[in-house]
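One structure is given here, and the rest of the page talks about it.
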Amino acid sequence: SVDIDDQRGRLLVPGFIDTHVHYAQTDIIASHGDQLLDWLKHYAWPAEMRFADDAVCREVAEFFLQQLLANGTTTACVFATVHQGSVEALFEAAAGYRLRLIAGKVLMDRNCPAELQEPWQEGAARSADLIERWHGKDRLAYALTPRFAPTSSEEQLVSSADLLGSRPGLYLQTHLAENRAECDWVAGLFPEARSYLDVYDRAGLVGARSIFAHGIHIDAADRQRLAAADAALSFCPTSNLFLGSGLFDYPAARAAGIRVGLGTDVGAGTRFGLPATAAEAYKVARLQDYALDPFEALYLATLGGARALHIEDRVGSFAAGKEADCVLLDYNASPLIARRTANANDLAHKLFALLMLGDERAVAATYVLGEKVYDRSRK
Ligand code: GUN
Ligand code: ZN
């Protein structure tokens, strides 16, 4: 005999993949008033200073992972802080849920508060130590994490590239061309570079396992280079709108053949959920005369993210042999969603309404490797 688990009125999809998020910014989500560079000074950096305390790291890491699971996210690419303990706490907690996590220690050796800076040699040594301890353990992988070009010397970027090549499967995550003032700053700091992307390219950081968040203010040559290198862009629409950074050109990235995933970019992003993130991606694409198909929106939140992270052989769809990370979505999550989805006459329109309207109430359950790790009814 078999057990029947009747889930009529629900939709089982692959676990969501967040290709860019900052766990240490959980407590400053939705902070008012600034664009990127002031927002970093006023909110992000002060928040990250608290992670010198291991107890803070552990408490926030646990809350953050609960948020991921409650939103159906089963894979994430995460920035910790400059503190080694912030990475330890995150990996430790993720291992407990057997979550697929890519994460790394932030590297900064200039242009930021003294408390968050270290000489590049120390950042490299601590990164190497973390790689040794965590990279490749169960479902965990390490990402070299120079924050962005303005806070790294050229030596720090080059040493990150050396480490990136030191073990198979390592990643590089950073920010790229998010904000106009940031781009002007980078042009002044690296006058020899052709573009912001070229700063990373000259250091040897543009490769198949590189994930660049934002990539708003880039040109056709940059897009060609990203595609040729098989590098990925993380499209972070809630963050890009919240900070007024600009409109990511998804149609151009798609046409260039670049791997693109969605990123929540919390705490500059305003939602942990990939459905809400996909809804904002739809609106941004709509402004660029592109109608993101409902299934393409779901693709970006799942298999697209897996491809961006080069783990499409493991997760992102229900193909045979993949790991059973999944999320059960609820067409009756709220009276409005129930009413609207009942009034949709095919799967595409039902799915679209659910993505556009759904918050964490739409997640009935989340499964990691086939085990239920979150159940909305047992909160
Ligand atoms: N650029 C450099 N650091 C950050 C960060 O923490 N958040 C965002 N959105 N952009 C950045
Ligand atoms: Zn970010």
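A quick note: this is a predicted structure, and the numbers were derived from the prediction, not measured. First listed ligand is number 1; within each ligand, the first listed atom is number 1.
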| Is the distance between the Zn ion (ligand 2) and the nearest N/O/S atom of H22 smaller than 2.8 Å? | yes

message = Taking CZ in R202 as the centre, count heavy atoms belonging to other residues, nucleotides or ligands within less than 6.0 Å. Is the count above 12?
response = yes

Is the shortest distance from a heavy atom of Q25 to ligand 1 less than 4.0 Å? yes

If you scan protein heavy atoms around atom 10 (N) of ligand 1, the nearest is E178 OE1, 2.7 Å

Could you verify whether a donor N or O on one side chain and an acceptor N or O on the other, from Y250 and E296, lie under 3.5 Å apart? yes

Contact region, T151 to ligand 1, non-hydrogen atoms below 4.0 Å, reads neither

Does atom CD (E132) have a neighbourhood of more than 12 heavy atoms from anything else shown, all under 6.0 Å? no

Here the N/O/S atom of D265 closest to the Zn ion (ligand 2) would be OD1

Check: T366/K372 side-chain N/O donor and acceptor closer than 3.5 Å: no

Fill in: Test of proximity, W39 against ligand 1: N or O pairs below 3.5 Å
no

A student checking ligand 1 against H214 at a 4.0 Å heavy-atom cut-off should list atoms 9 (N)

For the Zn ion (ligand 2), the nearest N/O/S atom on H20 is atom NE2

of all protein heavy atoms, closest to atom 3 (N) of ligand 1 is R147 NE, 2.7 Å

Inset, instruction - For the residue pair F79 and H175, categorise the inter-ring angle as parallel (less than 30°), tilted (30 to 60°) or perpendicular (more than 60°). - result: tilted

In this structure, CG of L68 is separated from OG1 of T73 (nearest 0.5 Å) by 5.5 Å

**Message:** Using only atom types and a distance under 3.5 Å, with no angle test, would you say the side chain of R139 pairs donor to acceptor with the backbone of R98?
**Reply:** yes

the protein heavy atom lying closest to atom 9 (N) of ligand 1 turns out to be D265 OD2, 2.7 Å

Of H175, H20, E48, E182, the residue with the heavy atom nearest atom 1 (N) of ligand 1 is H175

Between Y23 and S86, the two heavy atoms sitting closest are OH-O, 2.7 Å

Requested in this report: Please confirm if an N, O or S atom belonging to H175, backbone or side chain, lies less than 2.8 Å from the Zn ion (ligand 2).
Outcome: yes

Any heavy atom of A268 under 4.0 Å from ligand 1? The part involved is side chain

query: Under the 3.5 angstrom rule, does the side chain of R376 hit a backbone N or O of A365 as a donor-acceptor pair?
result: no

